[in-house]
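As structure tokens, the structure follows; a few thoughts come after it.
The basis for the numbers below is simple: all heavy atoms, side chains too, and nothing from hydrogens, waters or symmetry mates. All chains are named by letter (A, B, ...) in the order of the sequence lines, taking the proteins before the strands, and each is independently numbered beginning at 1. What you see is a predicted model, and the numbers here were worked out from it, not measured in a lab.
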Protein chains: 2
Amino acid sequence: MVTTDFSPIADTTRRAEIVALLRRAILTGQLQPGQKLNELRISEQMRVSRAPLREAMRELVQEGILTSIPYAGTFVIDVTAKDIDDAYSLNQVLDEFAIERTWPQRDQRFFDELDRRHEAVKQATRNLDTTRQIETALQLHGLIYEWADNSVLLETWQRLTSRLQMYFALHQHARNEPVPAEDVHEIYVQLMKGADMRAAQRHAREHINLDFEQLLSYARSLEQRPSKGA
Amino acid sequence: MVTTDFSPIADTTRRAEIVALLRRAILTGQLQPGQKLNELRISEQMRVSRAPLREAMRELVQEGILTSIPYAGTFVIDVTAKDIDDAYSLNQVLDEFAIERTWPQRDQRFFDELDRRHEAVKQATRNLDTTRQIETALQLHGLIYEWADNSVLLETWQRLTSRLQMYFALHQHARNEPVPAEDVHEIYVQLMKGADMRAAQRHAREHINLDFEQLLSYARSLEQRPSKGA
DNA sequence: TCTTGTTAGATTGTCGACAATCTGATTGTC
DNA sequence: GACAATCAGATTGTCGACAATCTAACAAGA
């Protein structure tokens with residue numbers, strides 16, 4: 001019997017493509033926080049009717065990166081310092097849990113994937129592609145969530161990730177300075193390969209801590225002059 | 001200056017009402033796991049066109065209680081034993097975190113609300129209204145999430161809650177036996193009013209444990225004969 | 001009998017048009 | 001000038017119809 005592994009067919013609805021397009025635009029900062037999404041304009045630009053566009057927007061509202069006010073419009077969520085702080089503190093807890101669950105499941109495939117994603121981050125760093133750098137760094141970090149074998153945890157992480165990515169993108173755009181070339185993930189990768197789980201958990205917490213501290217100070221500085229929207 | 005507290009105006013779109021109707025139908029078990037939702041039939045029953053219905057369904061898909069396959073249909077999610085197990089283990093972690101965050105924020109208003117919700121559970125129990133009993137019990141438990149002052153945590157909990165409610169409803173429907181009349185929440189409420197945070201955390205973990213153990217054994221017994229759908 | 005091709009019916013995905021609602025500018029009144 | 005009423009334009013919400021796709025039954029051929 002032939003048992004080739006086929007991956008599922010890609011979604012081929014306009015809706016799915018619109019979701020992907022919009023999500024990318026938001027997460028990369030093309031669409032800025034607070035900005036209003038004009039349905040007619042976007043649907044014309046995408047050469048699509050409003051129906052699938054609106055359905056796509058509903059999805060992103062539930063995904064937490066858009067917010068909708070009936071008869072007023074749909075907007076990119078605003079990023080407050082508190083949001084970042086909330087996401088951060090929850091992330092600490094989830095990280096600890098994810099590492100704990102992943103730990104006994106680690107095998108060669110895990111280590112290989114870890115290296116692969118680490119390599120992707122380094123590549124993006126070399127290319128000075130900050131957007132891609134953020135993306136790959138989050139993917140590296142997300143590996144423990146994919147291996148924790150807990151669908152609800154993974155979902156939660158993915159929702160968190162969206163926001164984190166927005167925050168980071170905003171951060172980068174405003175500062176417009178490349179991330180340090182030194183490889184901050186080296187230690188993390190080594191620890192995840194090692195034998196001391198507690199050490200890995202501790203490092204994850206502290207490492208993330210650093211990134212967040214930067215973000216927080218920046219976000220607080222923004223708090224004074226809120227974004228005007230479109 | 002007059003500073004009356006006004007609550008926000010209710011959403012007055014058909015979409016919002018449809019979401020509420022569908023959610024309720026799913027969480028109470030009226031719509032069973034695996035069942036397909038026929039758009040035309042439902043839209044005719046609700047006297048509504050398919051557009052707002054479809055948008056509502058997209059929201060519930062992202063909310064995690066519906067699942068959609070392009071050109072095939074939208075279905076109520078299937079409840080597996082693993083789902084329950086995943087939700088349970090994550091819930092343990094989140095509970096601990098929520099209690100920790102809520103603890104310093106407790107005040108008279110918190111205690112009053114705690115009592116109010118506890119009373120609601122007891123009332124539902126007296127009326128032998130199992131559906132309402134599940135609802136109120138989850139609301140009692142959710143108080144710590146509302147007071148933890150962390151929007152992301154609250155969202156996560158609400159998503160978890162939907163599934164838990166589905167699981168419980170399924171459980172009740174199948175067994176068709178009223179929940180024990182004894183008040184299992186008494187100790188929890190007392191501990192949340194007390195001074196020993198660790199004790200409260202420990203109890204939450206163990207108490208939930210009990211409820212889940214029942215659910216798990218039931219769910220595993222279902223694993224053999226999967227629901228046929230509509 | 002098994003497999004493959006065809007087709008009709010049902011269902012989902014998408015479209016363009018209309019209705020309901022909001023925004024702001026304008027007008028009229030004091 | 002300040003304020004309320006009115007109105008036009010723009011935008012969102014909803015509808016009914018059509019297009020694309022799937023499913024299952026049936027027929028044809030090996």
Using a 4.0 Å heavy-atom cut-off across all strands, classify [X] as base, sugar-phosphate, or nothing.
| X | value |
| --- | --- |
| A:I18 | nothing |
| A:L53 | nothing |
| B:R54 | base |

Is the phosphate of [N] approached by [X] (side-chain N or O, under 4.0 Å from OP1 or OP2)?
| X | N | result |
| --- | --- | --- |
| B:S49 | D:dC15 | yes |
| B:R15 | D:dT12 | no |
| A:R47 | C:dT14 | no |

Please state how far atom [atom1] in [X] lies from atom [atom2] in [N], giving the value in whole angstrom units.
| X | N | atom1 | atom2 | answer |
| --- | --- | --- | --- | --- |
| A:K36 | D:dT12 | NZ | P | 5 Å |
| A:E39 | D:dT11 | CD | P | 11 Å |
| B:N38 | C:dG13 | CG | C1' | 14 Å |
| A:L40 | D:dA10 | CG | C1' | 10 Å |
| A:R50 | C:dC18 | CZ | P | 14 Å |
| A:R14 | D:dA20 | CZ | P | 9 Å |
| A:I69 | C:dC22 | CD1 | P | 12 Å |
| A:E44 | C:dA17 | CD | C1' | 14 Å |

Nucleotide of D:dT12, C:dG13, C:dT12 approaching A:Y71 most closely (side-chain heavy atoms): D:dT12

Residue B:R58, side-chain atoms from C-beta onward, closest of C:dG13, D:dG13, D:dT12: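 Taking heavy atoms from C-beta onward, the closest nucleotide is C:dG13.
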
[X] side chain to [Y] backbone, donor-acceptor under 3.5 Å:
| X | Y | value |
| --- | --- | --- |
| B:N150 | A:D86 | yes |
| B:T102 | B:I144 | yes |
| B:E17 | B:R14 | no |

Residue met sooner reading DNA chain C from 5', once A:V48 and A:A72 are mapped to nucleotides: A:V48

Reference residue A:W157; test ring pair (Phe, Tyr, Trp, His ring centres under 6.0 Å); the match among A:W147, A:F97, A:Y145: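 It is A:Y145, the one option of A:W147, A:F97, A:Y145 that forms the ring pair (Phe, Tyr, Trp, His ring centres under 6.0 Å) with A:W157.
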
Any-strand Watson-Crick or G-U partner of D:dT12, both distances under 3.5 Å: C:dA19

Polar contact flag, side-chain donor to acceptor under 3.5 angstrom, A:Q133-A:D129: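 Distance-only check fails for A:Q133 and A:D129.
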
